[in-house]
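Chain naming here is simple, since letters A, B, ... match the order of the sequence lines and numbering starts at 1 in each. Hydrogens, waters and symmetry mates play no part in the numbers below; they use all other heavy atoms, side chains included.
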Amino acid sequence: MNYLISDIENGIKVSGLRDFCPEHIFECGQAFRWERTEEGSYIAVAKDKVAEFLMKDGELYVFNATKEDFEEVWHDYFNLDTDYQEIKDNLKKTLAYSKNDSLKEAIEFGNGLRILNQDHFEMIISFIISANNQIPRIKKSVELLSQTYGDFIGVYKGKKYHRFPSPAQLAYQDPEEVKEITRVGFRHTRIVEAARSYLEENDKFENVSLEELKNNLIALPGVGPKVMDCILLFGYGIEDTFPVDVWVKRLMETLYLDQPIPNKKILEEAGILFGDYKGHAQQYLFYYARENAIGK
DNA sequence: AAACAGGGGTTAA
DNA sequence: TTAACCCCTGTT
């Protein structure tokens, strides 16, 4: 995507962005290291950077960031080389799109939503924490984990920020201590063991075929089908995957199948309905269904 | 004020 | 297939 960066006080202004809405990007359930401010901007952490994002009059204001930060970190984080016009055009050709207006409405509702390109290890640990859990609590645990074990980044607006812990920073912690500090509950041994596996058997998780990656991810403690699909979609950029949580199950039953269906069958149906871009369809629909309490 | 219900994937039985 | 895992929030 072509855009123009100009300097402003304490940051930059990015002009010419298309399909970019911070609210939809952060609130849609794919990321945990962000907070909404009173002004409706979003402060987010990625790698060793903290920045504040505000969309105003079609331009993106990024505070606490330089042009170099944007080009080196945020461009990739937001997947700015991905053309969402093309993705939306492809979704319009699907069976689901012609079946009823739900996908059309979901895309309009979530317009400007982008699937992020987040760190592999951070996604593995974050989505293990997400199991049987809720977003505010997941965010709290991820924050405590970072504060306690991650490298200090700096202070922004009076708050201290830390990187997400590295595999080595997590792998040899006492699980009981992790539990006490981070409020992850019964997931404490899972995250420490997963960190150790990722560290000691790193070649199982990087530069391997998709088939092998899936086998190795699902073998990690705390990683089942849903968590694996989230890691693949939000970390590894696999668009052809379809995480089924309670909301997706409900919306599939309510909007497309008209009856209760086991999860395994939902995956088959999703392939038929949404084709190769099912990850994007899932994200638009999940956000739309959750914000509008569809199926509840 | 204290008790209780609701929410939510994976795992071991 | 089903119960247990844990913590936070909101309601009674």
Members other than [X] in its cluster, when Ile, Leu, Val, Met, Phe, Trp, Tyr link by side-chain heavy atoms under 4.5 Å?
X: A:L199; answer: A:Y172
X: A:I25; answer: A:M1, A:Y3, A:I5, A:I12, A:V14, A:L17, A:F20, A:F26, A:W34, A:Y42, A:F53, A:M55, A:L60, A:V62, A:F70, A:V73, A:W74, A:Y77, A:F78, A:L80, A:L116
X: A:L54; answer: A:I8, A:I43, A:V45, A:V50, A:Y61, A:F63, A:I153, A:Y156, A:Y161
X: A:L95; answer: A:I272

Donor-acceptor contact below 3.5 Å, side chain A:H280 vs main chain A:Y277
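Pair absent, no side-chain N/O of A:H280 close to backbone of A:Y277.
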If I take atom NZ in residue A:K264 and atom P in nucleotide B:dT10, what distance separates them, rounded to the nearest angstrom?
15 Å
Going by an N to O cut-off under 4.0 Å, is there a salt bridge joining [X] and [Y]?
X: A:E35; Y: A:K139; answer: no
X: A:K49; Y: A:D69; answer: yes
X: A:D83; Y: A:R18; answer: no
X: A:E72; Y: A:K47; answer: no
X: A:E201; Y: A:K204; answer: yes

Which residues in [range] have a heavy atom closer than 4.0 Å to any atom of DNA chain B?
range: residues 280-295 of chain A; result: none
range: residues 127-138 of chain A; result: A:A131, A:N132, A:N133, A:Q134, A:R137
range: residues 214-228 of chain A; result: A:L220, A:P221, A:G222, A:V223, A:G224, A:P225, A:K226, A:V227

Ring centers of A:Y256, A:F274 separated by less than 6.0 Å:
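Between A:Y256 and A:F274, the centre distance is under 6.0 Å.
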Not counting sequence neighbours, list each pair that qualifies as a ring pair (Phe, Tyr, Trp, His ring centres under 6.0 Å) and has a residue in residues 194-217 of chain A.
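Qualifying pairs, neighbours excluded: A:F121-A:Y198, A:Y198-A:F205.
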5' to 3' on DNA chain C, which nucleotides open and close the contacts with chain A (atom under 4.0 Å from a heavy atom)?
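The protein-touched segment is C:dC5 to C:dC8.
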Base, sugar-phosphate or nothing for A:K179? Non-hydrogen atoms, less than 4.0 Å.
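The residue A:K179 makes sugar-phosphate contact but no base contact.
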Within the 4.0 Å heavy-atom criterion, would you say A:K139 contacts the bases, only the backbone, or no part of the nucleic acid?
nothing
State, without any angle test, whether A:S146 and A:E143 hold a side-chain donor-acceptor pair at a distance under 3.5 Å.
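A:E143 and A:S146 do not have a side-chain donor-acceptor pair below 3.5 Å.
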Which residues within residues 184-193 of chain A lie with some heavy atom under 4.0 Å of an atom in DNA chain C?
A:G185, A:F186
For the helix from B:dA2-C:dT12 to B:dA13-C:dT1, what angle separates the axis at the start from the axis at the finish, each from five pairs, in steps of 10°?
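The value is 50°.
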Considering just the side-chain nitrogens and oxygens of A:W247, establish if one lies under 4.0 Å of OP1 or OP2 belonging to B:dG8.
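For A:W247, the contact criterion (side-chain N or O under 4.0 Å from OP1 or OP2 of B:dG8) is met.
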Can you sort out the partners of A:K296 under salt bridge (Lys or Arg N to Asp or Glu O under 4.0 Å), two or more places apart, ordered by chain and number?
none
Mind listing the closest non-hydrogen atom pair of A:G29 and A:I135 along with its distance?
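Shortest heavy-atom separation between A:G29 and A:I135 comes out as CA-CD1, 4.1 Å.
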Could you walk me through whether A:K88 and A:N111 satisfy the side-chain hydrogen bond (donor to acceptor under 3.5 Å, both in side chains) test, starting with their C-alpha distance in whole Å, then the side-chain angles of each, then the deciding distance to 0.1 Å, before giving a yes or no?
CA-CA 10 Å; A:K88 287 186 278 187; A:N111 199 30; 2.7 Å; yes
Check whether any side-chain heavy atom of A:E206 sits under 4.5 Å from a side-chain heavy atom of A:H120, and report yes or no.
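Yes. Closest side-chain heavy atoms under 4.5 Å.
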With a 4.5 Å cut-off on side-chain heavy atoms, are A:Y84 and A:I115 touching?
yes
